[in-house]
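Since the structure comes first, as structure tokens, the remarks are kept for the end.
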Amino acid sequence: MPRLLTETELKNTLLEFKNILSEFDFSVLKNLIFFNQESFFLYVENVKDNPFKTQFRLLNEKLDILQPYLPFVNTDRASEFLNEISKATTEEKSREIKKNYTAKLRQDFFEVARKISNPIQWDNIFKTCEEIRLHKEESALMAT
């Protein structure tokens, strides 16, 4: 089992994520419009020497750390996940569903975080992630 973050580590990682996200400068792409978030991610992943490559890598490093503490920010996505996971008949199918929804969860979180415009909203994100962290900590303590 991976080591649980402390409250301070969680908060610092979220702040680092927020700072990296705030440094994205779309003005360098004067004649390029992304139709949706998926097209942006495809651009970043597939276009060599794009101006977002380093920032995207850093964001993903932070998301790797934050992943266990991220909430579903889209209720439809949460319902879809619960519906799909309840239909899983094998451990392999369950892992596949979790992998697919992990990518969607990260994209949804990225999209929501990108639109946050005030410190109160960031504080709410932290509180939600902290609740998840506390639950994991309590579960780990009960298991010992």
Side-chain angles (χ1 to χ4, degrees), residues 1-26 29 32-144:
M1 180 175 165
R3 183 185 72 82
L4 290 172
L5 295 181
T6 65
E7 179 180 358
T8 302
E9 290 170 328
L10 176 64
K11 189 168 202 156
N12 287 340
T13 306
L14 274 168
L15 286 172
E16 291 166 358
F17 176 84
K18 175 187 170 197
N19 290 336
I20 296 165
L21 191 60
S22 69
E23 293 173 7
F24 268 74
D25 180 12
F26 290 95
L29 301 174
L32 188 60
I33 296 172
F34 299 108
F35 290 110
N36 56 31
Q37 185 173 315
E38 284 79 27
S39 63
F40 170 73
F41 285 117
L42 285 171
Y43 172 83
V44 172
E45 291 171 6
N46 296 301
V47 174
K48 187 176 178 171
D49 298 326
N50 73 72
F52 307 115
K53 199 69 143 184
T54 300
Q55 288 169 304
F56 195 68
R57 181 185 49 78
L58 292 171
L59 279 176
N60 275 312
E61 287 173 6
K62 297 306 170 193
L63 283 173
D64 289 344
I65 296 167
L66 294 170
Q67 178 65 49
Y69 311 99
L70 295 180
F72 275 104
V73 293
N74 178 317
T75 55
D76 290 337
R77 182 89 70 215
S79 294
E80 288 171 17
F81 171 74
L82 292 173
N83 187 37
E84 290 295 316
I85 204 74
S86 70
K87 294 178 187 174
T89 56
T90 65
E91 189 63 35
E92 183 180 321
K93 183 65 175 167
S94 178
R95 277 193 297 275
E96 180 184 325
I97 291 168
K98 288 176 183 177
K99 182 180 176 189
N100 290 338
Y101 277 89
T102 294
K104 293 175 184 182
L105 174 74
R106 289 168 71 118
Q107 287 180 0
D108 289 346
F109 184 79
F110 175 84
E111 183 65 20
V112 166
R114 196 174 62 78
K115 293 177 183 177
I116 293 176
S117 60
N118 68 55
I120 293 170
Q121 291 172 312
W122 274 108
D123 192 48
N124 289 336
I125 291 286
F126 170 72
K127 286 177 184 174
T128 302
C129 292
E130 174 59 10
E131 284 181 34
I132 294 168
R133 189 198 70 77
L134 282 172
H135 177 73
K136 288 179 178 291
E137 185 176 76
E138 290 170 2
S139 295
L141 288 173
M142 292 176 85
T144 57

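Keep in mind that what you see is a predicted model, and the values were worked out from it rather than measured.
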Query raised in the report: Is the charged tip of Lys53 near the ring of Phe56: under 6.0 Å from the six-membered ring centre and within 45° of its axis?
Result: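 Output no; distance or angle outside limits.
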Report task. Check the surroundings of atom CD1 in Ile120: do more than 12 heavy atoms from other residues, nucleotides or ligands lie under 6.0 Å from it? Result -> no
Query raised in the report: Got a sec: does the CD of Glu92 have more than 12 other heavy atoms crowding it under 6.0 Å?
Result: no
For residues [X] and [Y], report the shortest heavy-atom separation together with the two atoms involved.
X: Ser94; Y: Ile85; value: OG-CD1, 3.4 Å
X: Leu21; Y: Arg114; value: CD2-N, 3.5 Å
X: Leu105; Y: Pro71; value: CD1-O, 3.0 Å
X: Gln55; Y: Ile20; value: O-CG2, 3.7 Å
X: Thr6; Y: Glu9; value: N-OE1, 2.7 Å
X: Ala140; Y: Leu4; value: CB-CD1, 4.1 Å

Query raised in the report: Can you name the salt bridge (charged side-chain N to carboxylate O under 4.0 Å, His left out) partners of Lys62, sequence neighbours left out?
Result: Glu16
[atom2] on [Y] to [atom1] on [X], rounded to 0.5 Å:
X: Glu23; Y: Thr54; atom1: CD; atom2: OG1; answer: 11.0 Å
X: Cys129; Y: Leu14; atom1: SG; atom2: CG; answer: 5.0 Å
X: Lys11; Y: Leu5; atom1: NZ; atom2: CG; answer: 14.0 Å
X: Leu134; Y: Lys136; atom1: CG; atom2: NZ; answer: 12.0 Å
X: Thr13; Y: Leu63; atom1: OG1; atom2: CG; answer: 10.5 Å
X: Leu70; Y: Phe17; atom1: CG; atom2: CZ; answer: 8.0 Å

Is the closest basic N to carboxylate O distance between [X] and [Y] below 4.0 Å?
X: Glu111; Y: Lys115; result: yes
X: Lys99; Y: Glu96; result: no
X: Arg57; Y: Glu61; result: yes

Requested in this report: Apply side chain to side chain contact (heavy atoms under 4.5 Å, CB included) to the pair Asn124 and Ile116, showing each step before the final yes or no.
Outcome: CA-CA 10 Å; Asn124 289 336; Ile116 293 176; over 6 Å; no
**Report entry** Criterion salt bridge (Lys or Arg N to Asp or Glu O under 4.0 Å) on Glu131 and Lys127, from CA distance to verdict
**Finding:** CA-CA 6 Å; Glu131 284 181 34; Lys127 286 177 184 174; over 6 Å; no
**Report entry** Audit row: Asp108, Val112, side chain to side chain contact (heavy atoms under 4.5 Å, CB included) steps and yes/no
**Finding:** CA-CA 6 Å; Asp108 289 346; Val112 166; 5.6 Å; no
Report task. Answer yes or no: is there a side-chain heavy-atom contact under 4.5 Å between Lys93 and Thr90? Result -> yes
Query raised in the report: Would Lys18 and Ser22 satisfy side chain to side chain contact (heavy atoms under 4.5 Å, CB included), going step by step from the backbone distance to the final call?
Result: CA-CA 6 Å; Lys18 175 187 170 197; Ser22 69; 5.5 Å; no
Requested in this report: Would you please indicate yes or no on a ring centroid separation below 6.0 angstrom for Tyr69 and Phe109?
Outcome: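 Not close enough - the centres of the two rings lie 6.0 Å or further apart.
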Query raised in the report: With under 30° as parallel and over 60° as perpendicular, where do the rings of Phe72 and Phe81 fit, or are they tilted in between?
Result: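 Because their plane-to-plane angle lies in the 30° to 60° range, the rings of Phe72 and Phe81 count as tilted.
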Any donor-acceptor N/O pair, [X] side chain to [Y] backbone, under 3.5 Å:
X: Arg106; Y: Asn60; answer: yes
X: Asn46; Y: Leu42; answer: yes
X: Asn19; Y: Leu15; answer: yes

Query raised in the report: Does the side chain to side chain contact (heavy atoms under 4.5 Å, CB included) test come out yes or no for Ile132 and His135, once each step is laid out?
Result: CA-CA 5 Å; Ile132 294 168; His135 177 73; 5.7 Å; no
